[in-house]
Amino acid sequence: QAMAEALSDIAIALNSSLELNEVMERMLTHLSRVLPYDAATIMVVEDGVARVIRHVGFLARGISEQELLAVRFPINEIANLRYMVETGQPVLIPDVSKDPTWITIEDTTTWIHAYMGAPIIIEGEMLGVLNVDSATPGAFNENHARRLVSFAAQAAVALRNARLKTELDELVSLRSQQLEREQRRLQAVLDASGEGVIYTEGTTIQYANQALYRMTGYDVGELRGQS
């Protein structure tokens, strides 16, 4: 029941906001309701390197945000990340001291004794990783891993929405720039014309060129908004 309620709350967050940071922060908050973690991170993968974009639990352990966000994880050098890329499956390490693939980062991950990670996959591509850490050996089990995978699927939706929003914003910005250029060119042509030109919407004047102002004796802008 707690799992269903947490996923439902995340779905509501996804439907109510396209802001990636807001959704990701809510996700980590809801994740704590169903997983016994001490810290959690959401990473994105770009050009074969993973980096943290959202986190919780590290500041309380004396690890600064600047330090955490500066860490880069090359996929090919981190066995657990490479496994998730190659298989699309989660990684569960109940006790990192017994796992030969585990890599400890001095002053950042030395406190971690149990780890889980689930890939964030969109259309077959791993765009990120949802990680949880615990200072207690044996804190995580297979059931916890299945729960983490469910949350990673929700994170994938959030990343996809953020990507679509970014692409849409770029298209709108590009089209706006094109329209502005076209408007400037048109106005240059009209202002250079020797004939008076007026543009109306309904019965209201929206534009008059320089020639019309010269012909009528009105100052520039005085005609706009008039009937």
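Since this is a predicted model, take the numbers as computed values, not measurements.
In this structure, Arg51 contributes its side chain and Arg72 its backbone to no donor-acceptor pair below 3.5 Å. The main-chain N or O of Asp219 is found under 3.5 Å from a side-chain atom of Glu222 such that the two form a donor-acceptor pair. Asp38 places a side-chain N or O within 3.5 Å of a backbone atom of Ala135 that can act as its donor or acceptor partner.
Under a hydrophobic clustering in which Ile, Leu, Val, Met, Phe, Trp and Tyr are joined whenever their side-chain heavy atoms come within less than 4.5 Å, directly or via other members, Ile78 and Val52 fall into the same cluster. A continuous path of ILVMFWY side-chain contacts below 4.5 Å connects Val129 to Val96, so both sit in one hydrophobic cluster. Leu81 and Leu69 fall within the same hydrophobic cluster, where Ile, Leu, Val, Met, Phe, Trp and Tyr residues are linked whenever their side-chain heavy atoms come under 4.5 Å apart, directly or through other members. Hydrophobic clustering places Phe73 together with Leu68 (ILVMFWY residues linked when any side-chain heavy atoms are closer than 4.5 Å, directly or through intermediates). No continuous path of ILVMFWY side-chain contacts below 4.5 Å connects Val45 to Ile53, so the two sit in separate hydrophobic clusters.
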- [ ] In sequence, state the C-alpha distance, the side-chain angles, and the governing distance for Leu130 and Leu28, and then conclude on side chain to side chain contact (heavy atoms under 4.5 Å, CB included).
- [x] CA-CA 9 Å; Leu130 178 57; Leu28 293 180; 4.0 Å; yes
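The two residues Gly117 and Asn131 make their nearest non-hydrogen contact at CA-OD1, 4.0 Å. Summarising the geometry of Ser193 relative to Ala211, their closest heavy-atom pair is O-CB, 3.5 Å, with the distance given to 0.1 Å. Between Thr101 and Ala79, the shortest heavy-atom distance links the atoms CB-CB, 3.8 Å. Smallest separation of non-hydrogen atoms from Pro119 and Gly88: CG-O, 3.4 Å. Considering every non-hydrogen atom in both Ala139 and Pro36, the closest pair reads O-CG, 3.7 Å. Scanning both residues, Tyr37 and Val56, for their nearest heavy atoms gives OH-CG1, 3.6 Å.
Applying the side-chain contact (heavy atoms from CB on, under 4.5 Å) criterion to Tyr199, with sequence neighbours excluded, gives Glu201, Gln206, Tyr207.
Leu92 CG to Arg146 CZ: the interatomic distance, rounded to the nearest 0.5 Å, is 10.5 Å. Atoms OG1 and CD, from Thr204 and Gln226 in turn, are 9.0 Å apart once rounded to the nearest 0.5 Å. Distance CD1/Ile42 to CG/Leu31: 8.5 Å, rounded to 0.5 Å. Note: Met116 CE to Asp133 CG = 9.5 Å, rounded to the nearest 0.5 Å. Note that the CZ atom of Arg214 and the CG atom of Asn209 stand 7.5 Å from one another [nearest 0.5 Å]. The distance from the CG atom of Asp95 to the OH atom of Tyr115 is 15.5 Å, given to the nearest 0.5 Å.
A donor-acceptor pair shorter than 3.5 Å can be found between the side chains of Arg175 and Gln178. If you check the side chains of Arg147 and His144, you find no donor sitting under 3.5 Å from an acceptor.
The aromatic rings of Phe58 and Trp111 sit perpendicular, their planes meeting at an angle over 60°, well past the 30° parallel limit.
Heavy-atom contacts from other residues, nucleotides or ligands closer than 6.0 Å to CD of Gln66 number 12 or fewer. No more than 12 heavy atoms of other residues, nucleotides or ligands shown are found within 6.0 angstrom of CZ on Arg224.
Looking only at side-chain heavy atoms (C-beta outward), Asn80 and Trp102 come within less than 4.5 Å of each other. Between Leu35 and Leu148 there is a side-chain heavy-atom pair separated by less than 4.5 Å. Within the 4.5 Å cutoff, the side chain of Ile112 has no heavy atoms near those of the Thr104 side chain.
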